[in-house]
Engineer: 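Have a look at this one before I ask anything.
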Amino acid sequence: MKNLNRRNWLRAAGLAGTAIATGTIPGLSNEKLYPPTKSGTDDIIRLMSNENPYGPPKSVREAMMSAMQYGYQYPSSHYDVLLDKIAAKEGVTKDHILLVSGSNEGLRVAGLTYCKPGRDVVTCTPTYGALLRYVQQFGVNIVNVDLDENLAFDLPAIEAAVNDQTDMIFYVNPNNPTGALADAAESLDFCARMSDRTLVFSDEAYGDYIEEENYPSMVSMVKEGKNVIVSRTFSKVYGMAGVRVGYLIAKPEMIDEMRPKMMSYVHVMALYGAAAAMEDVHFQSYALQKNREARQYIYDVADSIGMPYIPSHTNFVFVKTGIDVAEVAERMKKHNIWVGRPFEPLRNWCRISTGTDRDMELWGAAMKKEFG
Ligand SMILES: Cc1ncc(COP(=O)(O)O)c(C=O)c1O
């Protein structure tokens, strides 16, 4: 933002009056614009759950408070408030969308609908475990393939592991916990070909953080009528992890198959909050900018103490500490800093979520003291 004319930028953002009146320095690096909303646990620096500490922004909180007036109604008559916005953003009709209480619910509902006992889900390890742990409870086998040398999904290795026992490929891109991104063309080609053989579930929880130009969402495959489900969430850039709202995109007949497996409605406050979050483009760019800065800070600290890391396309960085993660977590806890848990088999790595400037500085100081 340095090179932008400050007054024009403020005017464009509709903030000129407030920012000048309160004497704050306008710009994306100014935390006063969106003070982190932490309470209660302020003494703990939460770098373990890939949250966005700047959310939810005021626009979302106000929309949620106002939605309380509908608290006596079942929420389904309010679904269009959010469905219309998602349909416009994704370029699909509303019957392609299943609203869920956090994308975790979507992962489980897809697993419950399409993965059968005794059959296989093929994925890479380590990756996000919610769907995998859920389907294991009813006897589905997980076929784990190693990540590639960049710790992104190894698509050729997955392809080689798929056979007529496979009910689903669980594909997380960018991957959690590594933050690595697969090559765009390879990803498209992989999903196009594999979805002719089995169901491809594309978990795009961190899709909003991808900065590579024209990086494709697998929603394009859904539009082509492919056997693909995409999941997205409001928990990350939108800063609404505690509100629990996300969605699946798939062919209408698949949405109809999954809907009866759901256990809950999306809360009416979540519907209005998420719709307001989609409108608040200023907050989104602020959150992305703060995330970029924090990520760079993590890289700089890691460089300064000689720890390699995976360049991240998310709101966390996977750092090779060379020390068992249980010990790293324990030593960081002494500083009231909570960092990532073990992600087998990569125990000598630690996932650090991005935090506020203050969180990052305290984390950096603790890292240098403990491991520098
Ligand atoms: C890859 C991935 N998918 C899904 C989720 C679930 O997100 P939520 O249930 O908050 O939408 C997460 C949460 O961290 C994640 O990392």
Side-chain angles (χ1 to χ4, degrees), residues 46-53 55-56 60 82 86 97-112 121 123-135 142 144 147 151-153 168-182 187 200-210 217-219 228-249 258 262-267 269-271 273-274 277-278 287 291 295 310 312-318 338-343 346 349-355:
R46 299 171 57 86
L47 305 181
M48 74 300 188
S49 296
N50 307 342
E51 298 158 348
N52 169 6
V60 170
L82 185 55
I86 295 171
I97 305 165
L98 187 64
L99 296 179
V100 288
S101 300
S103 62
N104 259 354
E105 187 185 29
L107 268 58
R108 290 176 180 184
V109 163
L112 192 57
V121 173
T123 192
C124 276
T125 190
T127 193
Y128 188 66
L131 181 147
L132 308 171
R133 282 192 301 270
Y134 188 67
V135 300
I142 309 303
N144 283 311
L147 295 170
L151 301 190
F153 262 57
M168 177 192 280
I169 293 171
F170 181 60
Y171 176 34
V172 183
N173 188 42
N175 188 32
N176 178 10
T178 63
L181 184 69
S187 189
V200 178
F201 189 105
S202 178
D203 182 331
E204 301 182 5
Y206 299 96
D208 293 324
Y209 292 102
I210 298 173
S217 161
M218 295 307 133
V219 170
V228 171
I229 302 173
V230 175
S231 67
R232 305 296 301 251
T233 181
F234 287 86
S235 299
K236 307 299 172 185
V237 170
Y238 297 109
M240 297 175 67
V243 180
R244 311 309 300 134
V245 54
Y247 58 93
L248 300 181
I249 307 264
M258 289 187 279
M262 297 213 10
M263 305 242 178
S264 60
Y265 290 107
V266 176
H267 199 295
M269 290 170 83
L271 294 172
M278 290 183 79
N291 185 59
R295 220 164 39 189
I310 305 294
S312 167
H313 299 268
T314 63
N315 63 343
F316 56 83
V317 182
F318 206 43
W338 292 10
V339 292
R341 55 185 187 280
F343 293 102
L346 304 176
W349 293 72
C350 183
R351 189 189 69 186
I352 316 291
S353 306
T354 58

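Counting convention: from 1, in listed order, for ligands and their atoms alike.
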Engineer: Distances for all N or O pairs of ligand 1 and the protein under 3.5 Å?
Structural biologist:
{"from": "ligand 1", "atom 1": "3 (N)", "to": "Asp203", "atom 2": "OD1", "distance (Å)": "3.2"}
{"from": "ligand 1", "atom 1": "3 (N)", "to": "Asp203", "atom 2": "OD2", "distance (Å)": "2.7"}
{"from": "ligand 1", "atom 1": "7 (O)", "to": "Ser103", "atom 2": "OG", "distance (Å)": "3.3"}
{"from": "ligand 1", "atom 1": "9 (O)", "to": "Ser103", "atom 2": "N", "distance (Å)": "3.2"}
{"from": "ligand 1", "atom 1": "9 (O)", "to": "Asn104", "atom 2": "N", "distance (Å)": "2.9"}
{"from": "ligand 1", "atom 1": "9 (O)", "to": "Arg244", "atom 2": "NH2", "distance (Å)": "2.7"}
{"from": "ligand 1", "atom 1": "10 (O)", "to": "Ser235", "atom 2": "OG", "distance (Å)": "2.6"}
{"from": "ligand 1", "atom 1": "10 (O)", "to": "Arg244", "atom 2": "NH1", "distance (Å)": "2.8"}
{"from": "ligand 1", "atom 1": "11 (O)", "to": "Ser103", "atom 2": "N", "distance (Å)": "2.6"}
{"from": "ligand 1", "atom 1": "11 (O)", "to": "Ser103", "atom 2": "OG", "distance (Å)": "2.8"}
{"from": "ligand 1", "atom 1": "11 (O)", "to": "Thr233", "atom 2": "OG1", "distance (Å)": "2.5"}
{"from": "ligand 1", "atom 1": "11 (O)", "to": "Ser235", "atom 2": "OG", "distance (Å)": "3.4"}
{"from": "ligand 1", "atom 1": "14 (O)", "to": "Tyr206", "atom 2": "OH", "distance (Å)": "3.2"}
{"from": "ligand 1", "atom 1": "14 (O)", "to": "Lys236", "atom 2": "NZ", "distance (Å)": "2.8"}
{"from": "ligand 1", "atom 1": "16 (O)", "to": "Asn176", "atom 2": "ND2", "distance (Å)": "2.8"}
{"from": "ligand 1", "atom 1": "16 (O)", "to": "Tyr206", "atom 2": "OH", "distance (Å)": "2.7"}

Engineer: Less than 4.5 Å apart, side chain to side chain, heavy atoms only: is that true for Thr123 and Tyr171?
Structural biologist: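 Thr123 does not reach Tyr171 side chain to side chain.
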
Engineer: For the residue pair His313 and Tyr209, establish whether any side-chain heavy-atom pair is separated by less than 4.5 Å.
Structural biologist: no

Engineer: Go through the steps for Thr314 and Asn50 under the test side chain to side chain contact (heavy atoms under 4.5 Å, CB included), then give the verdict.
Structural biologist: CA-CA 9 Å; Thr314 63; Asn50 307 342; over 6 Å; no

Engineer: Report the relative orientation of the aromatic rings in Phe201 and Phe170; use parallel for angles under 30°, tilted for 30 to 60°, perpendicular for over 60°.
Structural biologist: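 Tilted.
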
Engineer: Before you tell me yes or no, could you show the steps for Phe316 and Tyr206 under ring pair (Phe, Tyr, Trp, His ring centres under 6.0 Å), namely the whole-Å CA-CA distance, both residues' side-chain angles and the distance that decides it to 0.1 Å?
Structural biologist: CA-CA 10 Å; Phe316 56 83; Tyr206 299 96; 5.1 Å; yes

Engineer: Are Leu132 and Thr127 side-chain neighbours, meaning at least one heavy-atom pair lies under 4.5 Å?
Structural biologist: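 Leu132 vs Thr127: side chains touch.
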
